[in-house]
Amino acid sequence: MPASPQSSGAVPATRYQIPADSLQRGMYVAELDRPWLDTPFLLQGFRVDSQIELDTLRRYCRYVYVDPELSDVGLAEAIRNAELSDHPFEPPSEASADGPLRFDTVLDARSRRQELPPRPVRIRSDLKISNRTRERFRQFIKATAVADDAAGTRSSRLGRAFGWLRTLLGDDAIPDDTHASLAQVREAIRAQLAPEARLRRYVDRAAVADELPRARQAWASASRQLRAIAACVRERRAPDTIEFGRAIDEVVDSMIDNPDALMWVARLDEDERDASSHGLKVALYLVALGRHLGLPRRELAHLAAIGMLADVGKALLPQALLDKPGMLTPAEHNVIKEHVRLGLEALRRDMRLPRAVEAGIAQHHERLDGTGYPKGLRGDEIGIHGRMAAIADSFAALVAIRAYANASAPQDALMNLYEWAGSSFDEALVEQFVQAVGLFPVGSLVELSTGEVAVVLAHNRVHRLEPRVMVLTGPDKAPIVAPFERDLLATAKDREYGQVRIVRGLADGAYGLRPATQLGDATLTGA
């Protein structure tokens with residue numbers, strides 16, 4: 001896969017969005033119109049070399065993004081020449097059985113009203129985010145930059161925060177728009193809970209530094225228990241459900257008192273080869289979302305269990321298949337899909353799962369438009385727990401560094417979820433997820449308006465775009481000897497750069513930075 005512009009500093013290449021039916025061998029597919037993990041293509045970015053790959057792309061996608069720089073030379077030249085022509089693109093070599101190619105300039109094919117002249121579309125590092133989605137995302141961030149409980153200071157802070165959003169997310173005109181409020185989402189969720197369940201308002205009970213020791217212990221216990229359950233599934237042994245329940249309680253209690261502490265510990269764990277790491281991160285994202293929505297503690301425990309157990313069935317699959325770097329064959333993809341059924345069967349054999357936990361595990365790969373698995377459920381057939389799990393699981397996969405895929409910056413990953421909202425994911429829940437984890441999640445790298453790179457230490461619960469950060473580099477991106485803390489809400493204006501703010505989110509590893517190895521959690525002891 002080509003280097004990420006954020007990590008290399010390179011200028012993003014020009015990529016063309018084309019219908020999947022117009023693809024030909026020799027073209028380099030850089031991005032899809034849906035999550036990579038919803039398809040058999042585990043390798044993010046590849047040259048199409050076979051008819052099987054063409055058929056699979058056409059089966060799963062309506063359009064894709066092609067990079068001419070990495071495509072065959074003859075095709076690349078023809079694609080570039082098509083920019084100057086109002087005629088359909090025709091390959092320069094032998095005719096294809098699929099007919100001539102047409103290049104579509106509209107980023108959102110679903111809203112296309114007429115055929116437009118072919119020309120390339122310049123995409124940033126977040127390749128598959130349409131202009132329409134970017135604009136809607138800006139509107140949403142604008143509307144929620146300051147929490148509703150700070151309405152008295154909302155206008156002044158919002159004006160300051162929104163001034164740089166045009167730079168951060170683009171500079172198109174931004175009309176007003178409406179989004180699902182937290183109260184509306186809570187009302188919808190309440191209807192799906194037990195009648196006696198009461199939603200509540202959570203407040204931080206501890207500072208991040210004070211919560212860190214318990215958060216470290218909770219992470220270690222939960223990771224140990226999840227590995228133990230995976231071993232029990234493989235060996236057909238009954239797990240220790242009492243210890244597993246205790247681990248769940250530790251995670252939930254720490255997240256209730258201050259979610260930033262466990263989020264920080266999770267971000268320091270970079271071993272994505274460990275399946276327990278992914279499951280625990282999904283659990284934390286789910287609990288963070290549930291906490292934000294005000295779900296009762298029992299529901300938070302259910303969400304933690306869903307995240308931890310959703311992929312336990314993969315313990316029964318061949319490791320070589322899970323680690324395969326290229327495209328899965330249809331048969332292999334069907335085997336991967338079996339992890340949902342296998343996991344549920346194994347868990348039901350030795351554990352009594354609450355109905356909500358079973359539903360979340362069974363439906364975490366279902367999609368609203370029916371393209372998910374294992375049952376291809378649509379719309380209201382997918383319950384609240386399955387909808388939430390789908391969002392958290394996809395986000396965790398997007399921001400993870402994999403052997404076969406670069407990590408997305410959290411900001412880009414959240415916009416990707418927004419791109420797929422309404423088709424794959426519940427739009428209102430995606431909006432609440434953004435607020436729950438933050439546009440710049442704890443532990444993520446960000447570039448400041450000073451040119452410095454920093455890592456987010458803790459959120460400001462009221463002014464969501466002004467977190468507390470640890471500055472790691474100078475303006476030249478060179479690491480500094482003594483990283484220092486900066487509170488973006490309280491910081492005074494910089495003489496040269498004015499009010500210090502976040503310019504953009506960065507993917508893990510950008511500029512060679514690894515907070516896990518450079519900082520550890522000792523930096524938070526004075527928080």
Side-chain angles (χ1 to χ4, degrees), residues 137-171 174 179 182 202-204 206-209 211 258-261 263-264 267 288 291-292 399 409-415 431-473 475 483-506 510 513 515 519 523-524 526-527:
F137 194 76
R138 283 198 307 264
Q139 296 168 18
F140 173 65
I141 297 301
K142 173 185 177 182
T144 59
V146 180
D148 291 336
D149 57 357
T153 59
R154 185 183 184 92
S155 297
S156 60
R157 287 290 183 184
L158 183 58
R160 189 181 83 179
F162 186 56
W164 58 269
L165 279 174
R166 295 177 184 275
T167 302
L168 180 67
L169 302 175
D171 55 7
I174 302 170
H179 299 271
L182 178 57
Y202 292 97
V203 296
D204 292 350
V208 177
E211 185 59 32
N258 192 319
D260 288 349
M263 289 291 195
W264 175 262
R267 293 291 288 186
R291 182 187 190 271
H292 173 74
V399 299
Q411 169 196 332
D412 295 341
L414 291 170
M415 279 196 282
E431 291 180 348
Q432 299 307 316
F433 184 81
V434 174
Q435 295 187 63
V437 304
L439 182 60
F440 309 108
V442 170
S444 61
L445 293 173
V446 294
E447 183 174 344
L448 304 180
S449 55
T450 58
E452 301 161 317
V453 176
V455 60
V456 176
L457 297 180
H459 286 140
N460 184 311
R461 304 290 180 213
V462 176
H463 303 293
R464 294 173 173 143
L465 298 177
E466 296 166 309
R468 195 166 75 251
V469 302
M470 180 70 68
V471 179
L472 304 179
T473 78
F484 61 92
E485 184 179 323
R486 178 179 284 158
D487 188 335
L488 297 187
L489 177 64
T491 187
K493 288 186 176 182
D494 184 276
R495 290 184 178 180
E496 181 177 356
Y497 297 98
Q499 184 69 43
V500 179
R501 62 187 185 276
I502 295 175
V503 173
R504 60 171 175 154
L506 300 173
L513 297 171
L519 294 178
T523 57
L524 297 180

Next item on the list: In sequence, state the C-alpha distance, the side-chain angles, and the governing distance for I502 and L465, and then conclude on side chain to side chain contact (heavy atoms under 4.5 Å, CB included).
Entry: CA-CA 8 Å; I502 295 175; L465 298 177; over 6 Å; no

Examine distances only and state if a side-chain atom of N258 and a backbone atom of A206 form a donor-acceptor pair shorter than 3.5 Å.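 It does hold such a pair.
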
When you measure from the side chain of Q411 to the backbone N and O of G505, does any donor-acceptor pair fall under 3.5 Å?
->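 Yes, Q411 side chain to G505 backbone: donor-acceptor pair under 3.5 Å.
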
Closest approach of [X] to [Y] (non-hydrogen atoms, all atoms of both residues):
X    : Y    : value
F440 : V456 : O-CG1, 3.7 Å
L414 : G438 : CD1-O, 3.4 Å
R291 : Y202 : O-CD1, 3.2 Å
M263 : V442 : CB-CB, 4.0 Å
V471 : R486 : CG2-NH1, 4.0 Å
P259 : D204 : CD-OD1, 3.9 Å

In L448, T473, V469, the residue satisfying side chain to side chain contact (heavy atoms under 4.5 Å, CB included) with V453 is T473

Notebook entry, point to check: In chain order, what residues pass the side-chain contact (heavy atoms from CB on, under 4.5 Å) check against A413, with sequence neighbours excluded?
Noted result: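 Residues passing side-chain contact (heavy atoms from CB on, under 4.5 Å) with A413: F395, L398, V399, S408.
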
> Which distance, rounded to the nearest 0.5 Å, do you find between the CZ of R501 and the OG1 of T450?
Replying inline: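 With rounding to 0.5 Å, CZ (R501) is 10.0 Å from OG1 (T450).
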
Distance col, row N460:CG vs L489:CG, nearest 0.5 angstrom, shows 5.0 Å

Worked verdict on I141 versus F137 for side chain to side chain contact (heavy atoms under 4.5 Å, CB included): CA-CA 6 Å; I141 297 301; F137 194 76; 3.8 Å; yes

Run F484 and E452 through side chain to side chain contact (heavy atoms under 4.5 Å, CB included) and show every step you take.
CA-CA 11 Å; F484 61 92; E452 301 161 317; 4.0 Å; yes

- Query: With a 4.5 Å limit on heavy-atom distance, are the side chains of P467 and L488 in contact?
  - Reply: yes

